[in-house]
Amino acid sequence: MVRPSAAGDLDAVSLETALLDTWKNENAFESSIGSSKDGAPFIFLEGPPTANGKPGIHHVVARAYKDLVCRWKTMEGFLVQRKGGWDTHGLPVEIEVQKRLDLMSNESIEEFGMQAFNDACRESVWTYESAWREMTERMAYWVDLDNPYVTLDNNYVESCWWALKQMFDKNLLYRGHKVLPYCPQTGTSYSSHEVALGYKEVEEPSVYIKFKLTDDDASILAWTTTPWTLPGNVGLAVGPEVTYARCRIREEPEGWKGRGGARVGEELILAKDLMGEVLRHHVDIIEEIPGSALVGRSYEPLFPGAVPRGDSDTAWTVLSADWVTTTDGTGVVHTAVMYGEDDYNLGMEVGLPAYHTVGMNGHFVPGIHPQLDGRYVKECDDSVMEILVGQNENVSSGLLYREKSYLHDYPHCWRTDHPLLYYAMDSWFVRMTAVKERLLEFNDGVEWAPDWVGEGRFGEWIRNVKDWAISRERYWGTPLPVWRDEDGNMKCIGSIAELQEEVAKAKAAGIENPDCPADVDLHRPVVDGFTLVSEHGKPMKREPFVMDCWFDSGCAPFAQWHHPFDEENTFDSSFPVDYICEGVDQTRGWFYTLLAVSTTVFDSPAYKRCLSLGLILDAEGKKMSKSKGNIVDPWDHFNREGADATRWYMVTAGAPWNPLKFDSNGVRETYAKMFLTLWNVYRFHADYAALDGFDPETQPLPVEERSRLDRWILSKLHTTARAYHEGFTSWNFHKACRDLEDFIVNDLSNWYVRRSRRRLWDEAESNDKLACQHTLHEVLITLSKLIAPVSPFMVDTIHRNLTGTSVHLADWPVGTPGSIEGATADVWDETRCEATTNLPPQDSQLENEMELVRELAETGRRIRIDAQRRQRLPCAEGFIVAGPNLEPYHDLLSEELNVETISIETDLDRFQQIALAVNFRALAPKAKGDVNAIANELKGNEDPEALLADIKAGNCIIMGVAIEESDVEVRRTERDGFAAATVTLGEGDEAQHVSLVLDMQDTPELLSKGLARDITRRIQSKRKDLNLEIEATIDVDVWMTNAPELFADDQEWIAKETRASGIAFNSDNAPEGTENFDVDGAHISYRVQSN
RNA sequence: GCGCGGGUGGCUUAGUCGGUUAGAGCACCCGGCUGAUAACCGGGAGGUCGCAGGUUCAAGUCCUGCCUCGCGCACCA
């Protein structure tokens, strides 16, 4: 049998840390899963974080929402497995290690040794693992960190290989040569979602260059923002439909700034529409030429010999390209085949020579120009211009027309901040464009929260899908399992067994190979060591790439189970997953790669529901980032307000998908308001329960037989719980939790407990006291369950003390659909689910009446303030006018209002008059523009009673409009001279106007009672100051002057209320040193002594 | 430049289908209540609802344009 023990003061932090130990000892997490092991599965997939950075508060937010849903679904009876995961490959890890070991180039890494480097990476990924683990445990994110999936594990890599082979076999994986954003510092190209991470606004020089025609004195003017690509120029593209102008310089302009220029008489060709933008000289237009007429004309190379002509007959000629526009530049596009996507495609099409003028290290190759050879291209802008201006005899002089700084967003490396170069390179791609329709289809089936992320942002991304550049010329990652011979024959290896087989085959063919054991490390450089053999007997080397690390995490749904190599078929029953939840920044990241992999490998979506969280901003609305140093340390709050308050704050601060301005004061507020209040309610119950030896297993009084107050709070609990649940199912966790908090603070604490205090003070056993205890008991238990998914600590302490069991093993009070046989996470029997709900009876009439009663109690206080009558001085009578019959609440109301009796008064006119107002919704359509005038007419009417009668009789026409009863609203106001007020409940036709009137007359009896209450309150306050036990008795002396008579009954009442064993009332002056106060002209002194 | 989401007292925010006096919380001031907690109740002060137009009897809400913040896309020549 469980009997609650007393609660004591709240120390949230030690409460939580003590529970962490308890949970650990009890294996609470495992038990919570075990408790629903027969339930329908609800599959959650953890997006793997990288543990080579310190976790911040923004990570806590994501984990809070993951945990919330998993705990909630578990309580609903679903089996929710939660495997942890770590993302361990990729550039961030390499960069970190490179920095630490000072290996900032690929050469130095290879010099250092790839094995040693990768060993360092393997170690580095765990740098902050313990910090992550501690954070995860402290916030009570229940996830299995003891058996996580780790992307560097051989099993994981093997599954990735398998997936790649599926793509390869479907011809969705191909080797290509494309212009990609490339970072020479990291030696790696990027896919579009990584490039998106690094756009920065920069001001760079742009140049207008003269390309001199070979058979003509004129030059074609072209523009570029990347002067370093000019040595690679092999063509000029014009728009066939664009009109170009040949113009002759008439005179020098005034105030020329910068380098470049043109002689008078020189002739330039450019798009006619752009002349004004580009030309600084006054010119004469000699001729207008359609673009198509320029095509085929040849011009002199800018840097003769920089690019060999080869067998190209189109090099250094004007080419036609329909993508050329006149929105900026000159309408002529300088084409350097290797350094622009359009350039490359055009070059391939028309047969331009494709040679690099820039090496993979970002420096010019030898033989370009003596001033440029071997230099980093981004530092050569100036030299290129100098050369073109004609300072060097090796090139034709005066080819620079103009320089102009240009402000634009340019992609930068998201790791090193260096500008990326568009660079033609070998790369591997996944043919995402081939499965675009399927991507769109699958995305349509996903339940996105919020829906606009799926339809808008993500949908847009997919509609513009590009082939996924998936290979990286790096070291630390999942190696690309493709081997290739010199003729281009390829093999994709999909498993270790296959690798072993192929190695054996190669050995048999006479190719030397190291051993390939079953536990061969699937990383570089080990896998590079194997040479396979092609069907034609030629040696095959591995393509020297590793995978984009986003590919790894995209494989998580199956690679975490080592699919298809595991034998338990865990994967088949857990795919696609039911729920994922990450920050909105994963739209192009994980959300995409999951879908990309599942579509190409399984022709299936990867997830059914996706909660996309808003960004976490600091208190000033700035994004939290390491570089800004504005990351909030979660421990600041774990150690102050605790994880409960931190989590509750996060959920209630706004919609999950909205950006959250993380405000430390908000956490404090949540603690003080929500958790302290909840604790004190609990404490009130637990302390008396312990004192009285309350046994929750005694047969409780049936709810119907309990007091109205009990029935009310139980009904209200039911209503609140249902709405809370609705909020959860519609992803409106914030609204749900705000409303629940309101229930706890206002309904439970400020009304139910406040009104119930005296019931528990009663020392004798009584049905009423028992009813109150059972009610509180039930409310607290249900509340604990509702709160548990969001803030799992305090409620577990409460639940354990009240029931002896953990709340995390409890059923969701609104129903357990997961426990229904044959249910799935998507479909269950609503009727049978309803039968599993466990909520007290609902009584909406009672809820409405109580709301009115509370309104009236507040109204009473307002009346007294208006009438300047102090709260403790009783009134003889209070009148309630109109409204429902509140007789059952008269006792309650008379206490709240401090009146002797409550009466029902039906004669409204005794206290009130009416006023008429327009019902705009009804009248406006009829009255149109006159509606406001009519409103004023009604408002200003001197005899609203008569007017109302007219309206009712259909005799009222104002400004030509017949006013009907439905066109007006009747409002009641108090007549002058009454201490009264009116409350309005409901809206529109159902609005109720109820008035409260207080009798303000004094009698000696009332004055005596009021005085008694004032004295009592002072003494009680003194008792509190003296820190007296509740049961302690005292001696009291009171001296009163100019006071109303204090009747014997009231003297006794004071003694009883204050537990005074001796009390003396004197009418003379008090001795020195006693405490005193004045009330309504009376002077009271008193002395309290503990005995 | 294109798209999405914001902009409401000092701060955090609610505001449904366009409807009467824009609602809370924190902080502030005054008063009250309390064996009721870091609480509670009443009152006060504090709002050009980003700006400007428009539709309408009526706009925080709908439309257009602009400003601004965040995010995403495209930024090529």
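Just so it is clear: chains get the letters A, B, ... in the order the sequence lines come, proteins before strands, and each one is counted from 1.
- Aromatic pair Tyr182(A)/Tyr422(A): centroids not less than 6.0 angstrom apart.
- Nucleotides rC49(B) and rG6(B) have their C1' atoms positioned 14 Å apart, rounded to a whole Å.
- Put simply, OG1 on Thr670(A) and CG on Asp644(A) are 11.0 Å apart, with the number rounded to the nearest 0.5 Å.
- In this structure rA38(B) sits in no base pair that meets the Watson-Crick or G-U test at under 3.5 Å.
- Residues His334(A) and Tyr208(A) place their aromatic rings such that the two centres sit no closer than 6.0 Å.
- Side-chain atoms of Ser206(A) and Trp223(A) form a donor-acceptor pair, as typed in the model, at a separation below 3.5 Å.
- Spacing of P atoms, rC30(B) relative to rG15(B), comes out at 34 Å, to the nearest Å.
- What separates CG of Leu180(A) from P of rC76(B) is a distance of 14 Å, to the nearest Å.
- Within the 6.0 Å centre-distance limit, the rings of Phe662(A) and Tyr649(A) are counted as a close aromatic pair.
- In this structure, Leu748(A) atom CG and rC40(B) atom C1' are separated by 14 Å, rounded to whole Å.
- Nearer to the 5' terminus of RNA chain B, by closest-nucleotide assignment, is the contact made by Ala672(A) (compared with the other of Ala672(A) and Val332(A)).
- Separation of the Tyr682(A) and Trp679(A) ring centroids falls under the 6.0 Å cut-off.
- With values rounded to the nearest 0.5 angstrom, Asp739(A) atom CG is found 10.0 Å from Asn732(A) atom CG.
- Residue whose closest nucleotide on RNA chain B sits further toward the 5' end, between Lys673(A) and Phe684(A): Lys673(A).
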Please tabulate, one pair per line, each protein N/O and nucleotide N/O from nucleotides 13-15 of chain B that are separated by under 3.5 Å, including the distance.
none

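- OP1 or OP2 of rA77(B) has at least one side-chain nitrogen or oxygen of Thr225(A) nearer than 4.0 Å.
- For the residue pair Asn233(A) and Tyr299(A), a side-chain donor N or O sits within less than 3.5 Å of a side-chain acceptor on the partner.
- Here the separation of rA77(B) from rC4(B), taken at their C1' atoms, is 29 Å to the nearest Å.
- Within residues 338-346 of chain A, the residues that have a heavy atom under 4.0 Å from RNA chain B are, in order of number, Asp342(A).
- Here Arg854(A) pairs with Asp747(A) in a salt bridge; the nearest charged N to carboxylate O distance falls below 4.0 Å.
- When both distances must be under 3.5 Å, the Watson-Crick or G-U wobble mate of rC71(B) is rG3(B).
- Between rU55(B) and rU64(B), the distance separating the two C1' atoms is 11 Å to the nearest Å.
- The side chain of Asn464(A) has rC73(B) as its nearest neighbour among rC73(B), rC26(B), rC40(B).
- Distance Ile744(A) CD1 to rC40(B) C1': 16 Å, rounded to the nearest Å.
- Under the Watson-Crick or G-U wobble criterion, with both distances below 3.5 Å, rA24(B) is paired with rU12(B).
- If you take CG of Asn233(A) and C1' of rA77(B), they are 11 Å apart, rounded to a whole angstrom.
- One C1' atom belongs to rG19(B), the other to rA59(B), and the distance between them is 10 Å to the nearest Å.
- Base pairing of rA52(B): its partner is rU64(B), meeting the Watson-Crick or G-U wobble criterion (both donor-acceptor distances under 3.5 Å).
- In this structure rG19(B) sits in a base pair with rC57(B), meeting the Watson-Crick or G-U test at under 3.5 Å.
- Checked against a 6.0 Å centroid threshold, the rings of Phe591(A) and Trp448(A) count as neighbours.
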